[in-house]
Colleague: 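Have a look at the structure that comes next, please.
In what follows, every chain begins at residue 1, and chains take the letters A, B, ... in the order their sequences are listed.
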Amino acid sequence: MTTIEVPSQQTDTATVASMIRERAGNDPVQVAMREKRLGIWQEITWEEYWESIEMVAHGLMALGVEPGDRVAIHSQNRPEWITADAACAAIRATCMGLYPTNPSAEVQYLLHNSGSKVLIAEDQEQVDKALAVKDALPELERIVYIEPRGVDVYDDPMLMSWDELLQLGRSHLATDPAALTQRMSDAQADDIAYLIYTSGTTGPPKGAMLTVGNVAFAAGLLRSNDGFVDPAPGPDDQLISFLPLCHVYEKGFGHWLNAAVGTVTNFGESLDTLTTDMREIQPTIFGAVPRIWEKMHAAVLVRMASASRLKKLNYGYWMRTAEKLGRQLVASGGVWSRGMRVRYALGNLFLFRALKERLGLGKCRHGITAAAPIAPEVVEFFMGIGVPIFEAYGMTESSAIGTTNRPGRVKLGTVGEAYSNIELRLDDESGEIVMRHPAVFAGYWRNPEATADTIDSDGWLHTGDVAEWVDGSHVKIVDRIKDIIITAGGKNISPSEIENALKVSPFIGEAIVIGDRRKFLSALIGIDFDVVSEWAQRKQLAHTTYRDLSEKPEVRELIQKAVTQANEAFASAEQIKKFVLLNKELDHEQGELTATQKVKRSVIEEKFAAEIEGMYR
Amino acid sequence: MRVKLLGEALQHAGGKGEGTLVEVDDIHLSFAGVKAIDGVSFTVSNRELFAIIGPNGAGKTSIFNCLSGVYHPQVGAIRFLGKDILGTKPNKIAALGMARTFQNIELFPNLTVLDNLMLGRHLFLDYGPLAAMAWFGRTRRREIENREVVEAIIQFLELEPFRKSYVAMLPYGVQKRIELGRALAMEPKLLLLDEPAAGMNNEETEDMARAILDIKRELGIGMILVEHDMRVVMDLADTVLAIDFGKPIALGPPDQIQQNPDVIRAYLGQEHAVVEVHPGEDQ
């Protein structure tokens, strides 16, 4: 074991890299992360983690990466991702991440816009995307690939393997051992640590610049007692990293939190194995987007529909108990009475514990839902079976810092309260959320106009989200300013609230409410193929593709029922009067969804214009 | 263990150098007077991707069955790794290093993916049933070694989400991948692929094509491919043999085969082909 020397002239500017170096010095053999490889969870200690960061950092320096240069990473979540990310922090380079699903044209845009010098690409697929557009990328000098399969035979002087990069780092370390320490101690709070491209439901993505200071503030908040988790997270906490690491949400949980407080980040085999990986890891803190929570919820409903009678009875009984508990908990803000505890204990014995363990949430002490609005029913479901889940709010431009519900002070349907050491208010006129704190970003990369539109002269960040206060303390998001529908009758309607009510039905995967300047509201609805397909099989309804299934009259009837049910909660003007079933699944590559699976309204409305007009004819 | 390329896990698979793998010498096979194969000859070397094409019923699968020992041609010779294998039983031929996949998937539907793949390792098990009941010593070592190989295959074919799933529950495209995986688990010198892309959608076909190329490059296994999807054949194969009614009609690299008038005739019908190949001449 080598001892890690922490230089005495340590600066006050903590970067992700310096936090990891410190951890590697203090707890060298503690587990920093795990990765499932060939079916076995392999552990990586802090010392090993730091050593690879050193090698990559030296390797990047040997490639000529100077402070402020951009390094792009295009990969699924894996240890090399955060290693490269931390190495960038160590050498004061700016790290930029791409979504694994970004097609070649977007890769070109992002690499060109950021002016990246080095690209770290996971495998042949991502290397091919970059090579196809490399002629349009004059600033790109190197492509480092992590997986050699298929790439090792390419003959392109730009290419270099991950192992070669480490090797290069090793020799650079031997010739210039002080280079890294020097760079690290030169770090400044206003160094641009990241370019995080916002998904942009309109227009091309913009690169939000997050500084070292932003990250330090955000990481500090997460570790403090004022943070979201109580007690504060630490090395006993297990997290699973599956949301894209180029997004600020996963960076916060999978990377910054790991570096700041030593929570263990676990990398599963793929997104498709999440259920198995969750069952094996049983994370204690689980941050996800509503889509994941909704899918888990739907999976339970579907499994139960085809279970034996006895199981169904048991499930039905205890779920009714859970529902009541959930509602009581929501009403009490998460405070338990004695009666509730007794009922929960019994439910745990007969159903909840087994159910939670199957979902991989058996040890989950804090679940988070953020990034998009969630249906209250889903929150109630998880609360009821004993998974505490808290809705939070933040955005790339605020380094994910904003508001959160806290244990004991939950208000359903709100995104909670602002952190105590930040300034957050609602604009008097528009109701827009504006905030000011040290984690507010430095502006958009090479785009002063957009920056000026977002941060005003007093340093307030204009979020573009309209909200209202609940009981003076909690924030309830109404919608994105530009998404709000004004009907022909002049009524302001928030489409996302109605869309979420529709998506409560497990059969509905996607819903887009239409009605701006129209006489009534209508909706484009996409079925959840897996769930509806399972339902159709039980009804012995033969079907082939998504389209075929969507066009069945029986399916239409099924969705009609769900729509009618959802309508009950709304006033007449807010009810869906007509709907069309989409005949294809929306996807990112065809521009219908953003990389974070948010619907691009304008694209959809254009693509399905004929269907929409049909409803208003 | 961190496997980067398949060759690190499958050390017995494939051949070294450019030697001849299999020689088929003028074989004739008939069933009660119906000629299924009529004088077919070819050779396949290490690292070669050899494709057999032809219309339905041309005798492609029959050639596979002769190679793997299911059928015994009445006339001719087949040499595999220099050994005459005519009349040898299928299991013996498999043990020599020939593995195959089937046109209609032949897996154990009520076993998991993992078990199906582990079954592909039966040639590498050297303990008896009694030893298998006790989990120690050689048994334990072998099981772990074999599981490591199987895990490398799972990773290679991206079967991770299905490890513990029953084969019967899985989509067709996935089952095709498992079949290929099981054949690979045998660490063959020669791999026979019977319509690996049949019934697959575009994306699945591309994945399969990529897997076949990776196998060729990383393991150097010789492969004989029967496939209807002409794009797959023309993109992948080094050499193509076209047959019709059991008779060889052309043999050569893909670009030559595509131009060959006899092949076009067999596929598109005579008149059509003549018009296409020599416009004006026949009118």
Side-chain angles (χ1 to χ4, degrees), chain A residues 34-44 48 52 76 78-80 100-101 122-125 127-128 145-154 161-164 166 242 267-280 303 306 358 529-530 533-534 537 544-547 585 587 589, chain B residues 1-10 47 112-115 117-118 143-165 168-174 177 181 185 199 201-204 206-207 209-220 236:
Chain A
R34 280 190 206 91
E35 184 193 22
K36 195 170 178 185
R37 276 263 154 192
L38 299 179
I40 296 170
W41 288 96
Q42 310 283 356
E43 295 181 341
I44 297 170
E48 290 164 340
S52 354
Q76 306 272 358
R78 53 191 297 155
E80 289 86 348
T101 46
E122 180 170 33
D123 52 12
Q124 189 179 18
E125 184 190 350
V127 168
D128 285 350
Y145 56 89
I146 301 173
E147 295 280 352
R149 168 161 296 131
V151 190
D152 51 347
V153 293
Y154 285 11
S161 74
W162 180 259
D163 288 342
E164 282 163 354
L166 294 178
F242 67 99
F267 295 97
E269 288 177 301
S270 69
L271 207 49
D272 298 328
T273 57
L274 180 63
T275 323
T276 323
D277 297 333
M278 293 264 300
R279 247 176 246 164
E280 289 167 358
R303 274 200 86 92
S306 51
R358 273 201 85 84
F529 184 71
D530 295 341
S533 165
E534 159 105 27
Q537 270 170 24
T544 52
T545 56
Y546 184 91
R547 183 185 185 131
E585 275 181 285
D587 85 8
E589 280 185 26
Chain B
M1 181 168 78
R2 186 166 187 121
V3 175
K4 292 250 162 98
L5 298 171
L6 262 189
E8 295 168 28
L10 302 160
R47 305 180 169 273
T112 62
V113 173
L114 203 53
D115 287 337
L117 293 178
M118 285 297 272
E143 282 287 312
I144 292 175
E145 282 165 16
N146 287 323
R147 175 69 186 266
E148 277 175 355
V149 174
V150 164
E151 283 294 338
I153 292 170
I154 287 177
Q155 186 196 38
F156 171 66
L157 294 170
E158 291 173 9
L159 291 169
E160 292 99 340
F162 315 111
R163 243 183 226 120
K164 302 270 170 77
S165 310
M169 317 275 289
L170 296 172
Y172 185 79
V174 176
R177 255 145 70 198
N201 64 29
N202 264 341
E203 200 186 323
E204 289 170 331
E206 278 172 28
D207 284 347
R210 213 170 293 136
I212 291 172
L213 282 177
D214 286 340
I215 290 169
K216 177 186 156 183
R217 203 181 42 236
E218 292 178 27
L219 295 176
L236 299 185

Colleague: Given that the side chain runs from C-beta out, which part of B:Phe162 has a heavy atom under 4.5 Å from chain A: side chain, backbone, both or neither?
Modeller: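 Neither part.
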Colleague: Restricting to salt bridge (charged side-chain N to carboxylate O under 4.0 Å, His left out), what partner residues turn up for A:Glu125, sequence neighbours left out?
Modeller: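 Counting only residues at least two positions away or on another chain, A:Glu125 forms a salt bridge (charged side-chain N to carboxylate O under 4.0 Å, His left out) with A:Lys129.
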Colleague: Go through the atoms of B:Arg147 and report whether side chain, backbone, both or neither lie under 4.5 Å from a heavy atom of chain A.
Modeller: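 Looking at B:Arg147, nothing touches chain A.
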Colleague: So what's closer than 4.5 Å to chain B heavy atoms on A:Asp152: side chain, backbone, both or neither?
Modeller: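 The side chain, not the backbone.
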Colleague: Which residues pass the salt bridge (charged side-chain N to carboxylate O under 4.0 Å, His left out) test with B:Lys216, not counting sequence neighbours?
Modeller: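 Testing B:Lys216 for salt bridge (charged side-chain N to carboxylate O under 4.0 Å, His left out), a comparison that skips the adjacent residues, returns B:Asp238.
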Colleague: Side chains of A:Trp41 and A:Glu280: do they bring a donor and an acceptor to under 3.5 Å?
Modeller: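 Per modelled atom types, A:Trp41 and A:Glu280 side chains form a pair under 3.5 Å.
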Colleague: For A:Glu48 and A:Glu43, work out which heavy atoms get closest and say how close.
Modeller: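 Answer, listing the atom of A:Glu48 first, then A:Glu43: OE1-O, 3.8 Å.
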